[in-house]
Amino acid sequence: MKRIIWLIRLLIPYWPRILLALFLSVFTVTSHIGLMAASAYLLARAALHPPILDLMVTIVGVRFFGLSRAVFRYLERYLSHDVTFRVLSRIRVTFYEQIEPLAPARLSHFRSADLLSRIVGDVETQQNFYLRVFAPPLVAFLVLLGYGVFLTRFDVRFSYILAAGFLMAGLLLPWLIKILGQGIATRVISLKAELNTQVADGLLGMTELLSYNQVRKHLHKIEQTSDRIIKHERKLMKLSALSSSLIGLIANLGMLSVLVLGILLVEAGRLKGVDLGMLALGTLSSFEAIFPLALLPHYCEQNLAAADRLLELMENKQGLNDNGNLLPQGDNLDLRFQDVSFRYDQDEPWVLKDLAFAIPKGSKTAIVGPSGVGKTSIINLVLRFWEPDKGKIFLAEHSLPEYDLEGLRDLFAVVSQQTYLFNATIKENFLLAKPSATDQELIEAAQQAQLHEFILSLPQGYDSYVGEVGLKLSGGQRQRLAIARVLLKNAPIIILDEAFAGLDSITEGEVQREVFHLLEGRTIILITHNLLGLENMDEILLLGNGRVIEQGTHTELLQFGGVYNELWKRARFVS
Amino acid sequence: MFDKRLINEGRQVKGYLILTVGLSVGISLLAVAQAWYFSQIVANVFLGKAPFKAVEHALGLILAIVITKAVFQWSSEVCAHEAALRVKSGLRQQLLQKIFALGPFYVRGEKSGEVISTIVGGTDALEDYFAKYLPQLLIAVGIPLIILVFVFPLDWKSGSILLLTGPLIPIFMVLIGKLAEKKSLQQWQRLSWMSGHFLDILRGITTLKLFGRAKDQIRVIARVSESFRESTLSVLRIAFLSALVLEFLATMSTALVAVAIGLRLVYGTLSFSSGLFLLLLAPEFYTPLRTLGLNFHAGLSGVNAAARIFEILNVPQPNLIIEPNSNIRHSRILADDYQIKFDHISLTYEQEDTPALQDINVSLNCQETIALVGPSGAGKTSLVQLLMGFIQPSEGQIFVNGEVLQAISPNIWREQIGYVPQNPYLFAGSILENITLGKPEATTSEVIKAAEAANAHEFIMTFPQGYHTILGEGGYRLSGGQAQRIAMARIFLKNPPLLIFDEPTSSLDLESEKAVQEALWNLAQGKTTIIIAHRLNTIRQANRILVLDQSRIVEAGNHDDLMIKRGLYYQLVQKARGLSL
């Protein structure tokens with residue numbers, strides 16, 4: 001129910017258009033009824049050989065309905081698509097508005113590309129809501145009302161027949177089909193997911209399947225799943241054929257009933273014979289309003305399921321409190337963790353436990369440790385994407401929540417392992433960091449990041465498209481682009497989160513040295529699991545089990561002869 | 001709209017398609033009969049003052065016709081979809097066969113997602129083509145002609161109206177379709193671009209936040225959506241015109257027919273019942289043409305989906321031309337003593353300019369441990385792929401005991417090899433199923449023994465479900481080291497004479513690393529082992545080190561020899577020791 005209300009509320013701002021579109025729909029069907037009814041009436045009148053002049057009104061009526069239907073239909077389609085696109089736009093904006101404050105922390109499970117595509121798909125699904133779920137029953141009801149009232153002028157029992165037909169074809173039949181097909185539709189969906197997994201397994205694990213000679217067996221498994229899907233789809237298809245043929249049957253039976261009643265009334269002298277054909281054909285035509293209802297349960301289910309998933313993401317999630325108003329001062333930017341404990345969820349193990357360390361302004365600190373040890377969680381806390389469960393993080397004398405959120409984040413610039421590039425031009429990707437930057441500033445930043453030459457070598461230069469739809473950049477080029485962005489942002493604290501991973505070791509060393517040189521004087525926090533090249537760090541924090549287990553400079557830690565020493569000796573050779 | 005290859009696929013289900021069309025013809029003949037009886041009844045009651053009793057029989061006939069029509073309708077739809085389902089399922093099988101024949105190289109990287117959705121979803125798009133578009137094409141030609149046969153003898157004027165306007169419908173459809181097609185294609189691209197833009201923003205939301213730009217996007221999304229709406233509507237304005245014309249022609253001619261008949265009735269040159277009969281036939285004449293117009297889009301998307309499917313089906317098969325030599329005693333290919341020789345091997349991938357491997361000459365001897373070393377992109381993986389027979393060399397040959405590798409059946413050859421990739425793929429299923437991949441009949445004790453040798457038993461037992469823990473999508477996720485140990489347990493069960501191990505580049509989990517190393521040396525006992533190595537520890541234990549750089553083998557020898565040579569290997573070691581920063 002909540003989902004329907006949510007969806008309907010999205011329609012409310014557009015009610016004048018919607019009302020107009022609904023009436024245009026009704027007029028379209030009415031024109032169809034009118035055309036057949038008026039034509040039949042015209043023929044009946046003409047058969048009585050009246051003077052032509054007497055027929056003029058009817059002839060004009062026939063011609064009018066012949067013309068108006070197409071026009072009404074055209075306007076209705078245009079308007080209802082307009083409404084649909086407006087609603088879609090509103091859903092996108094509303095959805096984004098709601099989840100933006102939650103990102104990324106409370107949407108962490110949301111990262112997989114599949115899930116994101118599903119969300120986008122769920123939004124797109126809503127384009128069916130007005131066209132196929134909301135409008136059809138209203139139109140059918142209005143047609144029933146209008147033509148039903150028209151029929152009472154002849155005999156109220158005609159209206160009953162019409163109402164019974166509409167109820168059967170528009171309500172009872174879709175409901176029956178839905179009941180019959182209920183299990184099957186969900187079964188097809190889950191089987192399709194299974195097929196998807198099996199095909200993905202086959203493709204991604206092809207090396208394994210080939211080397212274990214299991215291809216035939218796996219193909220057979222896929223074939224079986226595919227056959228099961230086909231079997232279920234066949235059942236569904238038979239039901240849908242049943243639905244459409246039964247609607248046709250009910251419409252014809254309605255027409256026949258009106259005809260029979262009409263004949264009896266004519267015989268009894270309570271109906272003029274001239275009206276007989278008109279009433280029967282009009283009734284048959286009016287069932288046009290019912291046809292879209294056959295698919296309504298299907299679309300309704302789809303829309304509600306999609307709305308459910310969207311609402312689930314938007315609701316029940318607390319954004320973090322954003323009441324701080326302190327603006328960070330430029331001269332004191334020391335960071336200090338005071339017994340910070342953190343876990344991602346109540347029933348998950350601690351990621352960080354009583355973590356305490358300090359990062360003075362202008363220092364170079366490396367946070368190292370195996371993957372999964374909480375290095376990135378530290379960054380999430382510093383940027384206030386998450387809040388610690390216990391303990392506090394201080395910037396200068398104040399804890400982080402006391403600061404204005406945007407002002408706080410302005411202090412940091414991050415280069416992460418996976419630099420996200422938007423599907424836009426290189427220039428636009430740069431400008432993200434500083435919308436007001438001049439071309440000169442852009443070029444300077446690119447030059448410093450040693451990317452300028454490369455960009456100029458592209459046919460479109462700074463206006464070349466990057467990202468998924470555009471140019472594919474190598475790992476190194478992406479990182480350089482990210483570094484250029486950081487330079488452009490000119491933040492005092494730089495976080496390099498596995499920024500150089502994925503480059504080969506020689507390049508990695510060079511890039512790291514170069515970047516450190518460029519960022520001289522700023523606070524640098526380097527997060528890495530690679531122990532090579534940490535000789536120049538002011539401090540190395542080795543993390544294990546959510547705590548700092550060893551701490552010191554490279555030389556100190558080697559002399560100490562502990563875990564760091566052991567790890568360093570095993571360090572990788574070439575990547 | 002007429003895709004030859006699609007029509008070819010349709011041949012297999014010819015019977016169903018013919019039946020569909022036949023039933024549709026039956027339906028329209030029944031509709032003619034219904035119109036005939038209807039007009040007779042109305043005329044008799046209205047003009048002939050016939051009582052109910054007199055028309056009872058005809059009413060009963062209409063009832064029978066209406067019910068038969070419903071049955072025919074159902075059968076025709078079922079036949080059409082049956083044809084579509086069969087074609088769909090057949091094409092899906094063909095696609096899968098083809099993909100596996102092409103090997104893992106074809107679906108590498110980002111391509112896999114697109115191929116998966118073509119196999120699963122792309123074939124679905126064909127359903128409407130076969131169920132709705134193809135049969136409708138025949139129906140739309142046949143039925144109007146049948147109707148005309150009934151109309152002309154009664155009233156040539158009405159017949160002429162139908163005959164003249166009928167063909168206009170497809171003509172206008174094609175004309176306006178041509179006009180709108182290009183634009184609507186652009187529009188479809190824009191639609192996917194629009195969703196793409198939204199997806200892009202959602203994906204990059206963290207980056208946006210880091211630069212304090214996340215809130216701005218609300219306006220951007222609204223603006224992009226709005227401009228999309230405007231441009232779409234401007235296209236729809238034209239696209240809907242085709243529907244307008246279709247509708248207009250059908251309803252206007254019906255009105256024209258009605259008025260013309262009405263006038264003839266006034267002058268008494270036509271009987272009322274014939275007039276009413278003609279009026280009822282007019283919609284029957286136009287309906288199939290209109291339906292075709294409505295299904296036009298289904299046809300279009302079917303053709304588009306088919307293009308991608310046939311593109312995959314037409315990819316040339318890798319050149320496994322040489323007939324496997326049946327004289328080779330397959331089971332003992334890599335028996336006690338053997339040699340694998342790369343002879344002047346070069347490899348250039350399709351659509352790439354620079355070769356992945358150049359002039360590789362090397363022999364691998366029995367029970368040797370060989371480390372492949374070199375920067376990423378040097379050709380280590382390509383070398384292994386060649387050896388596994390997943391790709392064929394552009395030049396040169398690989399010889400196994402003097403026999404050309406291509407002459408050995410790939411299935412039998414791969415049985416000789418145990419391969420542990422960097423990120424072994426674990427299938428959706430239990431740990432047990434994953435381990436017994438190569439030997440489904442293995443006993444529990446065999447599996448446990450293999451898992452123990454691979455240092456996997458211990459961590460498997462820490463899971464509540466033990467060996468029955470479900471892996472993969474929605475299941476338990478193993479760490480890289482754990483996955484490798486499962487992969488190694490697989491190989492213990494298979495026990496092949498040749499082992500290929502791709503060492504993970506990064507993992508700092510001391511415990512796991514130790515466990516993987518131990519398992520590796522357990523596994524390498526008495527086997528020929530090729531390791532793509534990244535760790536000094538591993539490399540030093542190799543009998544021979546091959547240093548690759550820029551697609552060539554630049555150095556070869558053991559650790560001590562190479563250190564004395566002071567070449568690339570020496571530089572890499574120095575770097576690793578932190579001495580050359």
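Labels below follow one simple rule: chain letters A, B, ... track the order of the sequence lines, proteins then strands, and each chain is numbered from 1.
Residue A:R63 touches chain B through both its backbone and its side chain, counting heavy-atom pairs closer than 4.5 Å. With a threshold of 4.5 angstrom between heavy atoms, A:A44 approaches chain B through its backbone and through its side chain. Heavy atoms closer than 4.5 Å to chain B are found nowhere in A:V368, neither backbone nor side chain. Proximity to chain A is limited to the side chain of B:K88, based on heavy atoms less than 4.5 angstrom apart. Of the atoms belonging to B:P424, heavy atoms from both backbone and side chain fall under 4.5 Å from chain A. Of the atoms belonging to B:R264, not a single heavy atom falls under 4.5 Å from chain A. For A:E97, the parts lying near chain B are the backbone and the side chain together; criterion is any non-hydrogen pair under 4.5 Å. Of the two parts of B:Q385, neither the backbone nor the side chain holds a non-hydrogen atom closer than 4.5 Å to a non-hydrogen atom of chain A. In this structure, the portions of B:I67 lying under 4.5 Å from any heavy atom of chain A include both its backbone and its side chain. In this structure, chain A has heavy atoms under 4.5 Å from both the backbone and the side chain of B:M252. Proximity to chain A involves both the backbone and the side chain of B:E82, based on heavy atoms less than 4.5 angstrom apart. Using a 4.5 Å cut-off between heavy atoms, A:L35 touches chain B through its side chain atoms alone. Contact annotation for B:A282: neither backbone nor side-chain heavy atoms come within less than 4.5 Å of a heavy atom of chain A. Contacts between A:R86 and chain B at a heavy-atom distance below 4.5 Å involve backbone atoms as well as side-chain atoms. In this structure, the portion of A:K217 lying under 4.5 Å from any heavy atom of chain B is its side chain and not its backbone. Residue A:L259 touches chain B through its side chain alone, counting heavy-atom pairs closer than 4.5 Å. Using a 4.5 Å cut-off between heavy atoms, B:L244 contacts chain A through both its backbone and its side chain. Residue contact with chain A, scored on non-hydrogen atoms closer than 4.5 Å, is absent for B:R219. When heavy atoms are compared at a cutoff of 4.5 Å, A:K489 approaches chain B solely by way of its side chain, counted from C-beta outward. With a threshold of 4.5 angstrom between heavy atoms, A:S240 approaches chain B through its backbone and through its side chain.
The most heavy-atom pairs under 4.5 Å with chain A, out of B:F38, B:F198, B:F248, come from B:F198. Heavy-atom pairs under 4.5 Å with chain A peak, among B:V55, B:L59, B:L437, B:L96, at B:L437. Ranked by heavy-atom pairs under 4.5 Å with chain A, the first of B:L63, B:I41, B:V71, B:L47 is B:L63. For the set A:Y78, A:F412, A:Y212, the count of heavy-atom pairs under 4.5 angstrom toward chain B peaks at A:Y212. Among A:L256, A:L276, A:L42, A:D275, the residue with the largest count of heavy-atom pairs under 4.5 Å with chain B is A:L256. For the set A:L55, A:V215, A:T58, A:L253, the count of heavy-atom pairs under 4.5 angstrom toward chain B peaks at A:V215. Heavy-atom pairs under 4.5 Å with chain A were tallied for B:V266, B:D200, B:V257, B:L280; the largest tally goes to B:D200. Contacts with chain A were tallied for B:L256, B:I65, B:L241; B:L241 has the most, counting heavy-atom pairs under 4.5 Å. When the candidates A:H81, A:R90, A:E406, A:H554 are compared by the number of heavy-atom contacts under 4.5 Å with chain B, A:H81 comes out ahead. Between chain B and the options A:G121, A:S89, A:A47, A:G205, heavy-atom pairs under 4.5 Å are most frequent for A:G205. If you tally non-hydrogen atom pairs under 4.5 Å between each of B:I218, B:D124, B:D216 and chain A, the highest count goes to B:I218. Contact count versus chain B (heavy atoms, under 4.5 Å) is highest, among A:L281, A:D410, A:L383, A:L88, for A:L281.
For the pair B:V78 and A:A241, the tightest heavy-atom approach, listed with the atom from each and the gap, is CG2-CB, 4.0 Å. Of all heavy-atom pairs between B:Y425 and A:L204, the closest is CE1-CB, 3.4 Å. Minimum interatomic distance between A:V266 and A:G273 (heavy atoms only, all atoms of both residues): CG2-CA, 4.1 Å. Closest heavy-atom contact between A:F422 and B:I201: CE2-CA, 4.2 Å. Minimum heavy-atom separation, B:S89 to A:I230: CB-CD1, 3.7 Å. In this structure, B:R414 and B:G389 approach most closely via the heavy-atom pair NH2-O, 3.2 Å.
With a 4.5 Å cut-off on side-chain heavy atoms, A:P435 and B:R213 count as touching. B:F46 has its side chain within reach of A:L48: a pair of non-hydrogen atoms, C-beta onward, lies under 4.5 Å apart. Residues B:I99 and A:M206 form a side-chain contact, since some pair of their non-hydrogen atoms from C-beta on lies under 4.5 Å apart. With contacts defined as side-chain heavy-atom distances shorter than 4.5 Å, the pair B:Q34/B:K69 qualifies.
One finds the CD atom of B:E415 at 7.0 Å from the NZ atom of B:K494 (value rounded to the nearest 0.5 Å). Here the straight-line distance linking atom OG1 of B:T254 with atom CG of B:L279 works out to 7.5 Å at 0.5 Å rounding.
The salt bridge (charged side-chain N to carboxylate O under 4.0 Å, His left out) test applied to B:E77 returns no partner, not counting sequence neighbours. For the side-chain hydrogen bond (donor to acceptor under 3.5 Å, both in side chains) test, no residue two or more places apart in sequence or in another chain qualifies with A:H218.
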Candidate pair B:T251 and A:R69, rule side chain to side chain donor-acceptor pair (under 3.5 Å), full reasoning: CA-CA 7 Å; B:T251 53; A:R69 176 178 164 84; 5.8 Å; no
Candidate pair B:Y419 and A:E208, rule side chain to side chain contact (heavy atoms under 4.5 Å, CB included), full reasoning: CA-CA 8 Å; B:Y419 175 45; A:E208 275 85 351; over 6 Å; no
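Between the side chains of A:R92 and B:S225, at least one donor N or O sits under 3.5 Å from an acceptor N or O.
Using a 4.0 Å cut-off between charged nitrogen and carboxylate oxygen, B:K53 and A:E267 do not count as a salt-bridge pair.
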